[in-house]
*Asks:* 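Structure provided below as structure tokens; questions to follow.
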Protein chains: 2
Amino acid sequence: MAQIRDVSKRAGVSPATVSRAFSDPGKLSKDTLKRVLKAAEELNYKPNSMAQLFRIKRTNAVLVMVPDVANVLFARILSGIERIATEKDYFLLVSDTKDDPEVERAGLEMVETRRADGVIQLGERGLGDLIADPAPGQIPFVQAVETRSAHAYPIVQINNFAAAESMASYLLSLGHRKIGVLAGLQDRYVTSERLRGFRSALDSFGIGFDENLVEYGAYSMAGGAQAALRLLSRNRSLTALFTMSDEMAIGAIRTAQDLGMQLPHDLSVTGFDNIEFGKYCTPPLTTVMQPAERIGEVAMTLMGNLLRGEITGDAEQTLGTELVIRASVRRLT
Amino acid sequence: MAQIRDVSKRAGVSPATVSRAFSDPGKLSKDTLKRVLKAAEELNYKPNSMAQLFRIKRTNAVLVMVPDVANVLFARILSGIERIATEKDYFLLVSDTKDDPEVERAGLEMVETRRADGVIQLGERGLGDLIADPAPGQIPFVQAVETRSAHAYPIVQINNFAAAESMASYLLSLGHRKIGVLAGLQDRYVTSERLRGFRSALDSFGIGFDENLVEYGAYSMAGGAQAALRLLSRNRSLTALFTMSDEMAIGAIRTAQDLGMQLPHDLSVTGFDNIEFGKYCTPPLTTVMQPAERIGEVAMTLMGNLLRGEITGDAEQTLGTELVIRASVRRLT
DNA sequence: GCTTGCAATGAAACCGTTTGTATTGAAATA
DNA sequence: TATTTCAATACAAACGGTTTCATTGCAAGC
């Protein structure tokens, strides 16, 4: 493989000149520039990035820590991140953390060992949850999910409380009173926030909250299906199911139908996220739109700013959500 | 940030010894080793990977080119790749190519500029489709999809022809005779292979192939929904729809139901891929299981072997598929 | 006791760029 | 004409590790 030395020799200039021909062409005379580029072309010269990066002390790479790459929502966020990263000439390193703090810590180490310039965390653990005393600015870190932990770094999130509240209000406004809740994992902050939103809506309508109508489960179709089975076998008089993710909702719908229920007649179901499948499933799912791609885009934009030193500390971007009304909920007469 | 010099000073040894303490601890005396590690610990020394990689001329990173990261099937393959990559201590660079050859070429350049050691291509374009004369071994390349192009590099694939043929035979064996085909993008090799399999099954049953019952579309729910609409409005007497992806099938189911059809009574639908949603949709989808995670695992394993020089040339791994029978197909009486 | 062999360590070259500083030559100025 | 200025380029020193080769000291063998 040709290197800068070879090009410089062929063009009859010094390596420095070749280097500048690429990084700062304006500095060279028209003539030398042409000669250098020609020589580079002829030798098919490609600069060795490792040597470059080593020298300039940046990697132009950002690590994205994804709890589960195969999850559609994360995949969409990742897609948004990718778009902006490409635009800004950053490379993306992707790590599927399985939500394992050890793996996440290993991820942070990648910026300490200078393999990546920064880390975008799609999981719930914040910087402070992973290392003891995060020296501010030491590890450029952006989190793309609402988190409980105090943070001194940028975050992009949605208002889970408000979104859940408005969805619950919608159900209540249609006359539903016995509403089961298919909650996600109990230890997750988003779960508690969405539950809080749900309860707040009940409050507004002057309806008591029944702990017994809540069932927790994994944020997945299987989790939703199982939780729904537990809840529905316990309580057949529910008219609606407030579900904390579309995947759970889809699992719940399957369960309900397997139990012989007619949807939405016998049971209304709502989701959360607005994944594409919700639009096509039967019945099409009423849900909360979460701007996944946008979340990714904003996260990567923040990361770029952070790396360029344009922002510091705890920027906090809250993106809007929207109710998406489809056929899985019926008005109670 | 502490560097090797600092550690060596504190431990009273040379940098070489510190380096060896990590790369080849057995070479050091018990005593020095302890001293060095202690010093490293105290200074919180993390070797600068860029310096290391620059010196050893490897990146331990592999680029994965994904046509669409938000697509569940690719996401699952990626997940499989990730598992093995982590296991073998490789990092993953991910590029969402949007199936754009220019982006793919840029990807290949990453190994020429030594940003990545090799490339795993999830798209259909082979090495020869991207660059003129791929010098053998120059760019470690593994492709994870059946491809038309001649290849001098490892490929992991499924037998699309056989899988499609067996699915079509299944439909035929249940008595279906008027079977519509929702094909994917017409220029894709997998499309033509699956279509060939379908026709082969027809042949075996002595049934003629009707070009008119084929409708092409994007490999997506929207694509399936649209293609189904075109096909069904043209021909209401179909008893089954042979679909080339689960996403298309799900789109088609939506369309059929919107047209007032009762599934599977009025129309049987089959998919291809076995994505998780197929299990939960209504009716649950009969499909061809494609071992997505496994494909990823094998691809990454091959890449590892390739990089270690253990294999060369055109390894070709064909993974098995399986019919997954669910409720979206009924026996014609 | 002297040589030999080997384990442990150090010195220094090297990896391929970038970049600060020095040098050159020609144009502009006095 | 002598001096200054400036653009264009070269020189050489980094960058932070790894690795080759040389050196040292000690135990084993004669």
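Residue numbers start from 1 in every chain, and the chains themselves are labelled A, B, ... in the order their sequence lines are given, proteins ahead of strands.
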*Asks:* Assess the residue pair B/Ser49 and A/Thr113 against the criterion (side chain to side chain donor-acceptor pair (under 3.5 Å)); give the C-alpha distance rounded to whole Å, side-chain angles, the decisive distance to 0.1 Å, and a yes or no.
*Replies:* CA-CA 6 Å; B/Ser49 333; A/Thr113 62; 3.2 Å; yes
*Asks:* How would you list all residue pairs meeting ring pair (Phe, Tyr, Trp, His ring centres under 6.0 Å) that involve residues 77-118 of chain A, not counting sequence neighbours?
*Replies:* none
*Asks:* Quick one, which residues of residues 25-43 of chain B touch DNA chain C with a heavy atom under 4.0 Å?
*Replies:* B/Lys27, B/Leu28, B/Ser29, B/Thr32
*Asks:* Earliest and latest nucleotide of DNA chain C, 5' to 3', sitting under 4.0 Å from a non-hydrogen atom of chain A?
*Replies:* C/dG16 to C/dG20
*Asks:* Please list all pairs meeting ring pair (Phe, Tyr, Trp, His ring centres under 6.0 Å) that have one or both residues in residues 118-145 of chain B, counting only residues at least two apart or in different chains.
*Replies:* B/Phe141-B/Tyr153
*Asks:* So, using side chain to side chain donor-acceptor pair (under 3.5 Å) as the criterion, who are the partners of A/Asp117 when residues are at least two apart?
*Replies:* A/Thr59
*Asks:* When every nucleotide of nucleotides 12-17 of chain D is labelled 5' to 3' by its protein contacts under 4.0 Å (heavy atoms), B for base, S for sugar-phosphate only, - for none, what sequence of letters results?
*Replies:* -BBBBB
*Asks:* For a 4.5 angstrom cut-off between non-hydrogen side-chain atoms, does A/Tyr45 reach A/Ile4?
*Replies:* yes
*Asks:* Hey, does the side chain of A/Asp6 reach the backbone of A/Gln3 with a donor-acceptor pair shorter than 3.5 angstrom?
*Replies:* yes
*Asks:* Regarding B/Val13, tell me which of base, sugar-phosphate or nothing describes its non-hydrogen contacts under 4.0 Å with the strands shown.
*Replies:* sugar-phosphate
*Asks:* Take A/Arg35 and A/Asp31 through the salt bridge (charged side-chain N to carboxylate O under 4.0 Å, His left out) test and state the conclusion after the steps.
*Replies:* CA-CA 6 Å; A/Arg35 268 207 335 280; A/Asp31 184 55; 3.2 Å; yes
*Asks:* Please list, for nucleotides 23-25 of chain D, all pairs of protein and nucleotide N/O atoms separated by less than 3.5 Å.
*Replies:*
none

*Asks:* Which residues satisfy the side-chain contact (heavy atoms from CB on, under 4.5 Å) test with A/Ile139, sequence neighbours excluded?
*Replies:* A/Leu108, A/Val111, A/Glu112, A/Ile131
*Asks:* State which residues pass side-chain contact (heavy atoms from CB on, under 4.5 Å) with A/Ala106; sequence neighbours excluded, sorted by chain then number.
*Replies:* none
*Asks:* Of the non-hydrogen atoms in B/Thr147 and B/Gln143, which two are nearest, and what is the gap between them?
*Replies:* CG2-OE1, 3.5 Å
*Asks:* Could you work out, with side-chain contact (heavy atoms from CB on, under 4.5 Å) as the rule, every residue matching B/Lys34, not counting sequence neighbours?
*Replies:* none
*Asks:* Closer than 3.5 angstrom, by distance alone: can the side chain of B/Thr32 be matched with the main-chain N or O of B/Leu28 as a donor-acceptor pair?
*Replies:* no
*Asks:* Five pairs at each end of the helix from C/dG1-D/dC30 to C/dA30-D/dT1: take the axis at both ends and give me the angle between them to 10°.
*Replies:* 50°
*Asks:* With sequence neighbours excluded, tell me which residues meet side-chain contact (heavy atoms from CB on, under 4.5 Å) with B/Ser220.
*Replies:* B/Ala218, B/Ala222, B/Glu247
*Asks:* Run B/Gln157 and B/Gln317 through side chain to side chain donor-acceptor pair (under 3.5 Å) and show every step you take.
*Replies:* CA-CA 6 Å; B/Gln157 61 187 4; B/Gln317 295 254 2; over 6 Å; no
*Asks:* What do the steps show when you test B/Thr301 against B/Glu297 for side chain to side chain donor-acceptor pair (under 3.5 Å), and what is the final call?
*Replies:* CA-CA 6 Å; B/Thr301 303; B/Glu297 291 173 358; over 6 Å; no
